[in-house]
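To start, the structure under review is shown below, and the notes come after it.
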Amino acid sequence: MVDASLSRPPVRRAPVETAARVRLRRTLELTGRVLSDPTTVIGLVIIILMLAMALLAPVITTPNVPDPYQMPRDWGAVRMPPLTEGHLLGTTNNGGDVLYGVIWGARTSLYLSLLVVSITVVVGTIIGSIAGFLGGRFDNVLMRIVDVFLSIPELIFALAIAAVLGPSFANIVLALAVTFWVKYARIMRAQIIRVKQNDYVDAARVIGDSKLRIYFKDILPNSITPVMVQATMDMGHVVLVGATLAFIGLSEAGIAEWGVLVSEGQAGISSGRWWASTFPGLMVFLWALAFNLVGDGLRDALDPRTEGR
Amino acid sequence: MLTNLEEHDAIVRAPDVIASVRDLKIHFRGKRGMVHAVDGISFDIRDGETLGLVGETGCGKSVTARAFLRLVQTPPGVYAGGSITFRPRRVCDDCSGVGCRECDGTGRVAAHCPACGGKGCRTCGGTGEETVDLLSIPDAQMRALRGNRIAMIFQDPGKALNPGLTVRDQISEVFLQHRTAEILAAAGVSPNDVLLRRQASQKSRAFEKMLLAVPPLRSGRNRVDAALDTMVADALAQTQIPNPRKVMDRYPHELSGGMRQRVMIAQALACNPDLLIADEPTTALDVTVQARILELIRELQQRHKTAVLYISHDLSLVRRVCDRVMVMYAGRVAETATSQQLFRRPTHPYTRGLLGALPGRGAHRGRLAAIDGTVPELVDPPAACRFVGRCPDEVAACSRTDPPMVEIEPEHAAACFVHAPPGKAAATRPVRTP
Amino acid sequence: MQIRDYILRRLMVLPLLIIGTSIIVFVLTRVGGSPIGIYLSHEMGPEQVQQIRERFHLDDPLPVQYFYWAQGVLSGDFGWSGVSAAPVTAVFPSKLAATMELAIASGIVAVVLGIWMGTVAGARRNKWPDHVIRVVSIAGASLPLFWFAIVLLIVFWVHLGWFPIGRSDPVIFDSIAHPTGFYTIDALIALSPRAFWDAIWHLILPAIALGYGATAIVARMMRSSLVEELQEDYVEAARAKGLPERLVLKRHARRNALIPTVTVIGLTFGFLLQGTVVAEIIFRWPGLGRWMADAVLRGDQATIMAYVMFASILFLFVNLVVDVVYAYLDRRVVLGE
Amino acid sequence: MTAEVRGLGRSARLLGGAAMVALLLGGPALAQQNSGVLVHAADDEPTTLDPAQVEPGEGGETVILQVYERLLEFAPDKPELIPALATDVPSLDNKLISADGLTYTFPIRQGVKFHDGTDLTAQDVKFSWDRVLEMDLPEGNAGALKDIVAETKVVDDHTFQVTLKQPTATFLNGAVVAMVASVVSEDAVKANGGVAAGQPNTFMQTNMVGTGPYKFKIWNRGENLQLDKNDTYWGTPAHLPVRIEIGSDPDVRVLGLRAGEFDMIETDPTFIPDLEGADGVDIYQEGLLLEPIHIGLNLNIPEGSLPPGDTIPVDFFHDPRIRQAFNYAFDYGAFLNGPLAGFGAFNPHYIPQGIFGYDASAPVYAAQDKAKAEALFKETGYWDKGFTVSIITEEANLFAAASLILKDSLEKLNPKFRVNVLSVAEAVFDEAHAENPMKYAMWSKNADPAADPHAYLMAYVHPDGDWGEVHGFAKGYRDPKKVADLIDQGGVELDPAKRAAIYAELTRLLFDDPMWIIAAQEGVTMAYRDWVKGFVMQPLWPRPSLKFALMNK
């Protein structure tokens, strides 16, 4: 009816904000909302500790020479319990220092997750954008390929690829990248199709902006959010799946990686040598947990429907 | 339940009042403080009348309406004070609800106060009628009133009907909750049949349902179902739905908006309630359908002499439908009057603004007068007129204290220092009842 | 669109997806290297190696090799499983039954427990049960199965001795016939309470380990969709009718909240399926997952191919069923969107 | 009966947590479980049960050893020949070996019945051997007979005769006792597919009709394989039926043994420390396996085929000084004390301890000598240049550990040295390993066991032998001809003293000219519950050579 004035009284004009200010204000608001959730804060704290551990690894430990990503193996002190001198968390079957493995494992995990997530986000975003933005036959073909990729459970797919490539850290990265990009392509495509229908995109088109400019100015910034949420969660998920592959036996020999350490250490648990797999397993758990908590918090903060949860 | 003698007085003075709201305060716990959504309002609803409750979005009118059914979610809501007294009626003995002379055709008669047996006491304010405080009765008692004595029609029937249940399932729930004895009687089943009685009151558990599917017991169940179907069909027929037996089997998404609202109305009126709360019942409908639905509500209301609390932001509509109007602004009552009075002599500047915003009232076509500014935030508001800042006529006093309700003429009161100054008119004492 | 047309259309796409999957997996596995290793032993001379290369058409171009593979598959020959030393088809059925039994048991645990937890959490939003369940379910999504399973094994098998390991007590297992391959069902058919108990006894630990993560997924979905449903108008309308809270929750909100939850069951199934690989390794469960893990470690490509194909077909099929059920349950959904 | 006892055990276990805890905290020992059956947790699932198809060292051999018999067997606890289906061990003394060393005569035991009830005759033996020669499956061990046997002959129903191509010192120790020489029932084979050249027999892959103390019962793939007692066995009958649990991970086997669900487990020494001191668990740790763990050095690398990153020239290992330097650099102590947990022995050269010709006085590489390694690397100029080399190995086992120790040893010696350990899937390794020429500079595995030194030397030392040819040893030996001559002489020398002298000379020669890094000779370890009586084993193949028939509990 004509009584719109009643249900929504006209707003007295507020001082005009620049786009940059709006963005800054929104970011601040978002940060506030994210930080208001205690579990998210716990997640953030864990992440910060993990990152600190990963980045400071060469400082807080003596890097193994020549390859610091290899466990330092003290063959004369195998299977030492925690609190042994020089081996705070004990040693593995191969005399590897568990503490070193835990710390450098964080670095390996950071390396793994950053590599996989950045590759998959970039590839997935580009492919999803092209599909969503151009549409038509190209979109069709790409999405059928995506469908095929999505028709295999991800761990099984990654397992098959890693198995064929052979056990190595690089191959785990590759296998995960091949498996994970699909999600982003799909999210991005759906977002672009949604955002494309907005009036401001039409407006930009009417003004005569070039397609590329419209994409970078109007579409990309407005569709990237779910991708970022997914990426946050995947920072944890990648490590979880990667460690699983490593546990099954697809990583490199002697590398300081949590999954490998759990796998090596499980042999001794029955004899009371719990430390070699407990600590690294716990790290995988905490790592994945932290990113899940933050991703969850981020998603809730960004999703108006779950406000006030 | 009632603690204040003064409150009794109000009810004593107006025996035809069915519900009475006194100094109702409903707050919401927000991140930045208490939001005073409803901040001390008082009014009465008289038996059989239609009271319009008008105001813009967020003024507290929907919250007020939900308070009658105690549907405000707590938390975050808080019933911060005040009372809502209500006099539930019972089914007329002489006509068992059909409507006779004894009950003036409504099928309902006053219920005796359980405390004094009708002699009149403090609990019932001397009326001898059962009187309850809706905000303090136990949950079970509240549930017995909901849908039975007080019913509600929601704004969007598309959302207020469960998409996963058929029309039959949804309407029959009302009967199952409140009319178990009648169902059993209609089905010719003894009220002592525990299994069927539990079925007819929606208490059956999974294993009982399985039992009832077994042949010897199934016939009883089928009879109950058949009786229920008849009641549902009758309720739907009341709303002039063609082919009620067919509509019953439909899911809400298979019906048009108007049909859905009819179903909603049938559901609300199924138990012949004393008070119907209609929360913008036509807002979500097409203009053409709106008129018919309004007509239907009006007709049913007159036939059953049901009191209606009609909530709307649409003044022109309110004028057509309501006997009396109450204008709310930011959790407070701004003005109350009969419909005629309000449109003839709007007193509160906010009411005037609202009327000015209506098309076709002095303004040129296409130019609607707008009220400047926005509704104030209701977080821990100071003692002052809420309209301060938007009011064209404000004076110094407006920002210092709350303006009291002042009677301007009979049935007409407003809260404004400027246009209804306390102590100026003959009836200058603050009034509670309009 | 009618549900029937929708199913038909989906069924028509299904073979294309399966062929697409097989091509991608085939190419990826062959690009990584020749599958010959599993057939070799170091005593073989070059002529013998060449003989084997020819036997498996390994010198032909990739599309031709794929053609041979596909031809074999169509005639029921999935190749020779090096790790089992038998044709894939010979060992597949019994392993399939073992894996499905485990996956279904875990699935039941996950669905029942997940829905219950989600309901409790959603209905008591922001109260302590909600917080507890939220922590439990987020932990479930982050817990490495390989670690959790080991911990369970240590506590309940080694230290407490409450549960056994493996799938069965071989003596009891051999004492009954196995028409279906599902131990529990076979035990019921054989009317052997002893065997049935043995089956359940062995199932509990792996089903818990495997089911936990899935429970978390279901519980989270259930909670959020219940919370969403509880904010719908019809819930308030139901209360306004005078319904007790129990009915409002069960008959109105939960029923509708279950619908979106159905969709995650497809996802959950994929999760369970991939989890069997790890769980079966650790619990010594003689199923397809272990078979796959063995094949992976020994580079047995025929087995890997067969397993991946199986997994994707099953996954696709389950998702199809879920979509159809979803479409059927939720009358608001527009098919084909 | 069995199950009832088991069920009882369970309810007893369920009786109460407190009782359980008490039990754990050093209460009475675990009650014996699985009574009436011997439960053995094996490492490997068989791929086939057919002696003609089984690959040496493969899981099927454990089963074949129990169900089939051969003309001669090794004694249960040492590599000494004893009569089995033949009633006598042929020798020159008892004239069962002809004077020219070419004809062996085996008197066949009378009254032996196959599990299907038919009688054993010399014809069955001939059929069994001929069958192997005719099928000649690439995956099987047909070569063990084919390379030696010229003709088989049935003299009479209970006399079997074999003519060799040339006198062969290893015939009895290497061929007659091999699983491939098992005697199968002619009737059973002919009734089920017969013999076809180059084609596996599907019946024999999954069924067994032998003469041994055990009858094949059932094989639940991936789970277990069960054997029944043969009540009509000609010799001492078995005490208990056997269930072989297959396919569990090493740690699960360890856990199962501790929980008492397994009576004995196959385990490598890594797990022994876990079990030492465990209640009710005994460990067999005598003797050494006759399969030295070695690292192969490739002298025959095709140009440009090394993995990316490798900087060594293809003729890197042609220089004996490099090979010596590698041998000096390897940290033997670490390997023995770490992965082997002390179970094993340094093994200097290719005649392992326990084999004729082992020379305890010969010089050995048994300790890391960094100074000598450094000096040798400096001499060759690689000390300053540095190098990167890859070593390929199967993942997560002793061979991988040996590779890691080599890596650590060299990298700690000089940071310019880099060793990349490529731990790959078994199939990948097998493929790389089977290729000729091989595309990797180094690899790690263990040797195939044998009972005679000549077999080792031909396989691993002779320039024209198996590996000598593949790895191009001729390009690297200081004097390849001399090595070849010494080995050839040793192979035909029938006088033990002279033969020992030849091997002593060879051993010293090989110390200066090593072709392998031999990490250690692994100790034989088995763990079993103390309620198992009569546990014995011997260190030769098949590993583990357990005669279940002798055990009881």
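For the numbers below, each heavy atom of this structure counts, side chains included, while hydrogens, waters and symmetry mates do not. Throughout, protein chains are lettered first and strands after them, A, B, ... in sequence-line order, and every chain is numbered starting at 1.
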Under 4.5 Å, counting heavy-atom pairs only, tell me which of G249(A), G254(A), G95(A), S251(A) racks up the most with chain D. G249(A)

Which atoms of K416(D) approach chain A - backbone, side chain, both or neither, heavy atom under 4.5 Å: neither

When you compare the side chain of E411(D) with that of Q70(A), does any pair of heavy atoms fall below 4.5 Å? no

Looking at E264(A), R73(A), R79(A), E252(A), which has the largest count of heavy-atom pairs under 4.5 Å with chain D? R73(A)

Whatever's closer than 4.5 Å to a heavy atom in chain A on I405(D) counts as both

Are D408(D) and W75(A) linked by a side-chain donor-acceptor pair shorter than 3.5 Å? yes

Quick check: are there more than 12 heavy atoms from other residues, nucleotides or ligands sitting under 6.0 Å from NZ of K439(D)? no

Shortest non-hydrogen contact from P66(A) toward P415(D): CB-O, 4.3 Å

Considering non-hydrogen atoms only, spot the tightest contact between N337(D) and V78(A) and give its length. O-CG2, 4.2 Å

Proximal component of D67(A), with respect to chain D [non-hydrogen, under 4.5 Å]: both

With a sphere of 6.0 Å drawn around OH of Y111(A), does it hold more than 12 non-hydrogen atoms of other residues, nucleotides or ligands? no

So, for K412(D) and V65(A), which heavy atoms are closest and what is the spacing to 0.1 Å? NZ-O, 3.3 Å

In terms of heavy-atom contacts, does CZ of R186(A) have more than 12 from other residues, nucleotides or ligands at under 6.0 Å? no

